[in-house]
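Every number for a ligand or one of its atoms is a count from 1 in the order of the listing. Numbering starts at 1 and runs along the sequence shown.
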Amino acid sequence: MFNSLLEQLHQNIKAQGGLPVALPEGLAQCEGSKGKSIISSWLWKVPGFRRWRVTRLDAGDNLQVLNSVAYPDYTNEQPILGIDLLWFGKTSKLVAVLDFQPLIQDQAYFERYLEGLKSLRNHFPEFNQEEMMRSFDPHKYFSPWLLFCRGGKHEANLLISQVFPAFLDSYLVLKEISIPTPLKIHPSEVKQLQISYDQYSAERDPAHGLFTSYFGQKWSDRFLKEFLFPASGRCKSSIEVDQNKSA
Ligand code: BLA
């Protein structure tokens, strides 16, 4: 379902000078025990970003996932890119969340970085659902204009043909906004806020149960701590690697 979006994402990453980074042993790919699911991940170092990760889960008609998070350099206070797309083929159900995840909840910061997202949300009312978040707090690392959709085939087609490309383009221009204007947030604080994002997300991520059911507890724990949210505090070596890279 999301193959063309994965392709688009990787093409954009490469066009910006992104270089692949090796994943920790055993985490780049894992096959489910019943052989009907496979999860593949990629890690990129892109100029302006200290870490950009991408994951695809292919469990056939049961579930297709595309998930990606881009962490800007600590010297760039712009929001984190957050993408979480799920397609349940058997029931034709889409869950799509796309956001410029703000480091702080501040009006001036929103005005500087979220205008593009706000106009997308006005343009695509299907992705304008007021979601009752069960796992996450909508006021922590989510923007007031996050694109959220629970829908079906029509919304999935709209996502693929229009929403995703427009969203990605709109995020990629943020770097240009951030560079010429004076920063509101000091790099040491950006770093702390990005670390807290990982800690918060590792605690709340509703995907852990899903990973465990497909790939077992041991692999899923490692995947969460070492790849999805390495700064969550339980995998110090990965944080050090990130810090060294951005130094
Ligand atoms: C919801 N995300 C979900 C759900 C699952 C995943 C299973 C619950 C589905 C449902 O509510 O019906 C799946 N999450 C994943 C997977 C990965 C993951 C497979 O991290 C990793 C590969 N989630 C993110 C990011 C954002 C995000 C970056 O990973 C931000 C854009 C948001 N996911 C998000 C939100 C919900 C969700 C807001 C609804 C959860 C809620 O109700 O609080």
Q.
Tell me whether the rings of F211 and W219 are parallel (<30°), tilted (30 to 60°) or perpendicular (>60°).
A. perpendicular
Q: Tell me whether the guanidinium CZ or amine NZ of R50 lies under 6.0 angstrom from the six-membered ring centre of Y71 and within 45° of its axis.
A: yes
Q. Atoms of ligand 1 less than 4.0 Å from D205 heavy atoms?
A. 14 (N), 18 (C), 20 (O)
Q. Considering only heavy atoms of V65, which atoms of ligand 1 have at least one such atom less than 4.0 Å away?
A. 19 (C)
(Q) Quick check: do S119 and E115 have side-chain heavy atoms less than 4.5 Å from each other? (A) no
Q) N67 to ligand 1: N or O pair under 3.5 Å? A) yes
Q: From the options D137, D84, L146, D99, select the one whose nearest heavy atom is closest to atom 2 (N) of ligand 1.
A: D84
Q) Which atoms of ligand 1 have any heavy atom of L210 under 4.0 Å away? A) 7 (C)
Q | Under 4.0 Å to a heavy atom of P206 - the qualifying atoms of ligand 1, by number | A | 1 (C), 2 (N), 3 (C), 4 (C)
**Q.** cation_pi(R51, F227) dist<6.0 Å, angle<=45
**A.** yes
Q.
Quick check on contacts: which atoms of ligand 1 are under 4.0 angstrom from a heavy atom of V69?
A. 28 (C)
Q | Contact atoms of ligand 1, heavy-atom distance to L86 under 4.0 Å | A | 2 (N), 5 (C), 6 (C), 7 (C), 13 (C)
Q. Which atoms form the tightest heavy-atom contact between Q16 and K175, and what is the distance?
A. OE1-NZ, 3.9 Å
Q: Report yes or no: do Q101 and Y197 form a side-chain donor-acceptor pair below 3.5 Å?
A: yes
Q.
Between ligand 1 and F136, is the shortest N or O to N or O distance under 3.5 Å?
A. yes
(Q) I want to check a possible cation-pi pair here: R121 against F148, using under 6.0 Å from ring centre and within 45° of the ring axis as the test. (A) no
**Q.** Per atom 11 (O) of ligand 1, closest listed option by heavy atom (H208, R150, R204, Q101)
**A.** R150
